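Reading through the structure tokens given below for one structure.
Keep in mind that this is a model prediction, so the values were computed, not measured.
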Amino acid sequence: MCRLSVKQPVGSVRLALGGLEGNRQQAKRWDRPWAPRNMNKKISFGLTLLEVLISLAVLVLVVGALIGLSRAVAIGSAYSDGVGMTTQHARVVLDRISRSVREAAANAQFPGFLVVADQVGPWRFPDTLVVWRPQTSPAEPEGMPRFSELLIYCPHPQQPRWLMEIRTPDDPRPVPPLTDLAAWQAELAAIKASAASSAVRLTDRMHTCIAPELGGQERAALRFEARYRPSLEEQAAYQAGTTAWTDLSWPQTIYGPNTGLRQAWLRIEVQLVAGEENDQQVSYPFFGSAALYYPLTK
């Protein structure tokens, strides 16, 4: 049996091993393509002037949008609060006047309430309501009321935005006849200006306007309208003998040989201010009504 042996120099073996190790390191570098070739280099990030300006512009736009949104929310909230408060004022005013009318005393001589209008040139302002509303029993149930038994609703003489409820508890005089409008206007003007009158402010939000034809006088947007069935003119014609009892305009034809049902109806229109926008008053109209029924005898 023969054995063959190959002998190589030690140096050549070491060289071959060195080549294999170099190939292995090169293969490892190709297996990691993401690895930087020069690990000793430092990576630095920087922004140019253009990028800084663009960032600032975007930031300014975002901040401006947020400010505009917050302002819109604040304006909307204030508007809602103003409208809600104005509606509450209108509800209180209409309910109080309507309740006074429904609970008023009335007879054949005085129909429970009366609307007294101011005449300024060609303009008519029906903004004063007189209600016969005694705190106890009327002094003369079948006669004319006393001034102390009246409730007066009207704008304040010096502050037209104020709607007032006025009483004169210390004035026992009887009121003038319904047909004497001049006497009513004079008496009511004195009551409104008197310090002895007891006044309650119902609201301070009435809308006002100034007309050049009125000499710059400020007037409140308030209107009362009264209707009676049978009317005062029909009643006077019946008392004069020119109209028959059966021809009177009875509501729902409710009447008898000696007694009929009379209706006194009141309509209320008022404009209240909710806020101001561009120096212009923003106002809203509110409407109310009340009716009083009582017997009318021959």
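Using a 3.5 Å distance cut-off with no hydrogens or angles, the side chains of Glu234 and Thr243 do not pair a donor with an acceptor. Side-chain contact, Arg205 with Thr86: a donor N or O sits under 3.5 Å from an acceptor N or O.
The neighbour count for Arg227 CZ, taken as heavy atoms of other residues, nucleotides or ligands under 6.0 Å away, does not exceed 12. Residue Gln119 places its CD atom among more than 12 non-hydrogen atoms of other residues, nucleotides or ligands, all under 6.0 Å distant.
Ion pairing between Glu165 and Arg201 fails under the 4.0 Å rule for side-chain N and carboxylate O. Remark: Arg146 engages Glu140 in a salt bridge, criterion side-chain N to carboxylate O under 4.0 Å.
Taking the six-membered ring where the residue is Trp, the centroids of Trp132 and Phe113 are separated by 6.0 Å or more.
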For this session: Let me see the working for Leu272 and Tyr284 under side-chain contact (heavy atoms from CB on, under 4.5 Å), right down to the final yes or no.
Result: CA-CA 6 Å; Leu272 300 184; Tyr284 298 89; over 6 Å; no
For this session: Please test Gln235 against Leu296 for side-chain contact (heavy atoms from CB on, under 4.5 Å), starting from the C-alpha separation and ending with a verdict.
Result: CA-CA 10 Å; Gln235 183 181 3; Leu296 189 64; 4.1 Å; yes
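The two residues Met164 and Pro155 make their nearest non-hydrogen contact at CG-C, 4.4 Å. For Arg102 against Leu292, the heavy-atom pair with the smallest separation is O-CD1, 3.6 Å. Closest of all the heavy-atom pairs between Ala117 and Arg124 is CB-NE, 3.6 Å.
Arg167 places a side-chain heavy atom less than 4.5 Å from the side chain of Leu151. Contact of the Val270 side chain with the Met206 side chain is registered, since non-hydrogen atoms from C-beta on lie closer than 4.5 Å. With contacts defined as side-chain heavy-atom distances shorter than 4.5 Å, the pair Leu188/Val130 qualifies. Between Val92 and Thr203, every side-chain heavy-atom pair lies at or beyond the 4.5 Å cut-off. Residues Phe286 and Val93 have side chains not in contact (no heavy-atom distance under 4.5 Å, counting atoms from C-beta outward). Contact check for Ile97 versus Ile268: side-chain heavy atoms found under the 4.5 Å cut-off. Looking only at side-chain heavy atoms (C-beta outward), Asp118 and Arg219 come within less than 4.5 Å of each other. The shortest side-chain heavy-atom distance between Lys298 and Tyr238 falls under the 4.5 Å cut-off.
Its side chain outside the 4.5 Å cluster rule for every partner, Leu61 clusters with none of the Ile, Leu, Val, Met, Phe, Trp and Tyr residues.
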